[in-house]
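Structure record follows, encoded as structure tokens.
Every chain is numbered from 1, with letters handed out A, B, ... down the list of sequences.
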2 protein chains.
Amino acid sequence: MVIEEAASQLEALGNESRLKIYRVLVRAGQTGIPVGQLQERVGIPASTLSHHLKRLVDAGLASQERQATTLICRADYRSMRALIGFLSDECCAEEGCVASSR
Amino acid sequence: MVIEEAASQLEALGNESRLKIYRVLVRAGQTGIPVGQLQERVGIPASTLSHHLKRLVDAGLASQERQATTLICRADYRSMRALIGFLSDECCAEEGCVASSR
DNA sequence: CCGCTATTTCCAAAGGTATGGAAATAGCGG
DNA sequence: CCGCTATTTCCATACCTTTGGAAATAGCGG
């Protein structure tokens, strides 16, 4: 993972609304969750939610799949795994840190 | 870790300059590194660097300690550990993710 | 107290982000 | 093709971020 990508993913997650959205996505598992239900769950206006979702998708943290008129959203676990890996490896490579204490 | 804190730390790391700075801090280990050396290392004007450092410190990701005229900066490993824990636990609690594949 | 180095704060400009209502679009089911 | 629901795009507004030069401050050593 290159630093630009890590930064853009961290930026995407570095907003309370988006982090909440992302958390709901994660809890929805592989099944995913439609935008509408997501909206009820997080209580954000549709327009705003759509903007935030786009940021998460653009950052590679989530994906969307059309099923008729509804859009199913899913967290991309691989990217989160890669991001956690980056934080552990690149940013926590020295003594005293989680990576070395394992 | 509460979601507000996680979001603010992710936001602090979600900027390429700050992520680079943070990485240098981590690599400097417990010894830490003076602001001046950090500046040479990342090639950012002193003023800008100072702003970024403040953000990292405010987010609890780094700390600073005066030693005479120089300021030693250090990464706060505990906060990174907590952040990685949050991402693994809160955001990756379902099937298919890193947390469950361990 | 002075000069010196290290670092911050002040200030201002430019651009980006967040927000959400209103209008547009997508994709059925009939 | 129409109406309907789901979702996005358009648009505008307010606010926040990033950037960096210049001036201010901190803390020595003399």
Side-chain angles (χ1 to χ4, degrees), chain A residues 3-25 28 31-76, chain B residues 3-25 28 31-76:
Chain A
I3 198 166
E4 292 85 9
E5 193 185 4
S8 83
Q9 295 188 343
L10 289 165
E11 185 183 33
L13 293 173
N15 169 280
E16 213 174 311
S17 297
R18 281 193 299 272
L19 192 50
K20 279 178 183 160
I21 291 166
Y22 185 76
R23 209 158 54 155
V24 174
L25 290 184
T31 314
I33 181 173
V35 175
Q37 279 183 42
L38 196 47
Q39 193 194 338
E40 291 171 18
R41 205 76 67 89
V42 295
I44 289 176
S47 171
T48 305
L49 176 59
S50 185
H51 291 310
H52 283 316
L53 275 172
K54 184 172 182 340
R55 299 270 257 117
L56 289 172
V57 171
D58 285 351
L61 289 164
S63 63
Q64 295 179 309
E65 182 199 354
R66 259 230 127 79
Q67 280 187 8
T69 51
T70 68
L71 245 199
I72 307 294
C73 307
R74 289 191 189 84
D76 185 321
Chain B
I3 198 164
E4 293 85 8
E5 192 185 4
S8 83
Q9 294 187 343
L10 289 166
E11 184 183 32
L13 293 173
N15 170 281
E16 213 175 309
S17 297
R18 282 194 298 273
L19 191 52
K20 280 178 184 160
I21 291 167
Y22 184 76
R23 208 157 56 155
V24 173
L25 290 183
T31 314
I33 180 173
V35 175
Q37 278 184 41
L38 197 46
Q39 193 194 338
E40 290 171 20
R41 205 74 68 90
V42 293
I44 289 176
S47 171
T48 304
L49 176 59
S50 185
H51 292 309
H52 283 315
L53 275 173
K54 183 171 182 340
R55 299 270 257 117
L56 290 173
V57 170
D58 286 351
L61 289 164
S63 62
Q64 295 178 308
E65 183 199 352
R66 259 230 127 79
Q67 278 186 10
T69 51
T70 69
L71 245 199
I72 307 294
C73 307
R74 289 191 189 84
D76 185 323

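- Within 4.0 Å of B:Ser50, counting heavy atoms only, lies at least one base atom of the nucleic acid.
- One finds a side-chain N or O of A:Arg18 lying less than 4.0 angstrom from the OP1 or OP2 phosphate oxygen of C:dA18.
- The interatomic distance linking B:Ile72 (CD1) with D:dG27 (C1') rounds to 14 Å, in whole Å.
- Under a 3.5 Å cut-off, the side chain of B:Gln9 and the backbone N or O of B:Ala59 do form a donor-acceptor pair.
- Atoms CG (A:Leu71) and C1' (C:dG27) sit 11 Å apart, rounded to a whole Å.
- Using a 4.5 Å heavy-atom cutoff, the side chains of A:Leu53 and A:Leu38 are in contact.
- Using a 4.0 Å heavy-atom distance criterion, B:Ala46 is classed as a base contact.
- No engagement by B:Gln67 is indicated, since no non-hydrogen atom pair under 4.0 Å with the nucleic acid exists.
- Between B:Thr48 and the phosphate of D:dG20, there is a side-chain N or O to OP1/OP2 separation shorter than 4.0 Å.
- For the pair B:Leu10/A:Asn15, no side-chain contact is recorded, criterion being any heavy-atom separation below 4.5 Å from C-beta on.
- Taking 4.5 Å as the limit, some side-chain heavy atom of A:Ile3 sits within range of a side-chain heavy atom of B:Arg23.
- Nucleic acid contact class of A:Gln64 (heavy atoms, under 4.0 Å, all strands): sugar-phosphate only.
- The CG-P distance, from B:Asn15 to D:dT18, rounds to 5 Å in whole Å.
- If you check every strand for non-hydrogen atoms under 4.0 Å, B:Ser47 touches a base.
- Across all strands shown, B:His52 has heavy atoms under 4.0 Å from sugar-phosphate atoms exclusively, and none from any base.
- Under the 4.5 Å side-chain criterion, counting only non-hydrogen atoms from C-beta, B:Ile33 is in contact with B:Arg41.
- Remark on DNA chain D: of its neighbouring residues A:Arg66 and B:Pro45, the 5'-side contact belongs to A:Arg66, judged by nearest-heavy-atom nucleotide.
- The CG atom of A:Leu38 sits 14 Å away from the P atom of D:dA6 (whole-angstrom rounding).
- Look at CD on A:Glu40: it is 15 Å from P on D:dT5, rounded to the nearest Å.
- For the pair B:Thr69 and A:His51, nearest-nucleotide mapping onto DNA chain C gives the more 5' position to B:Thr69.
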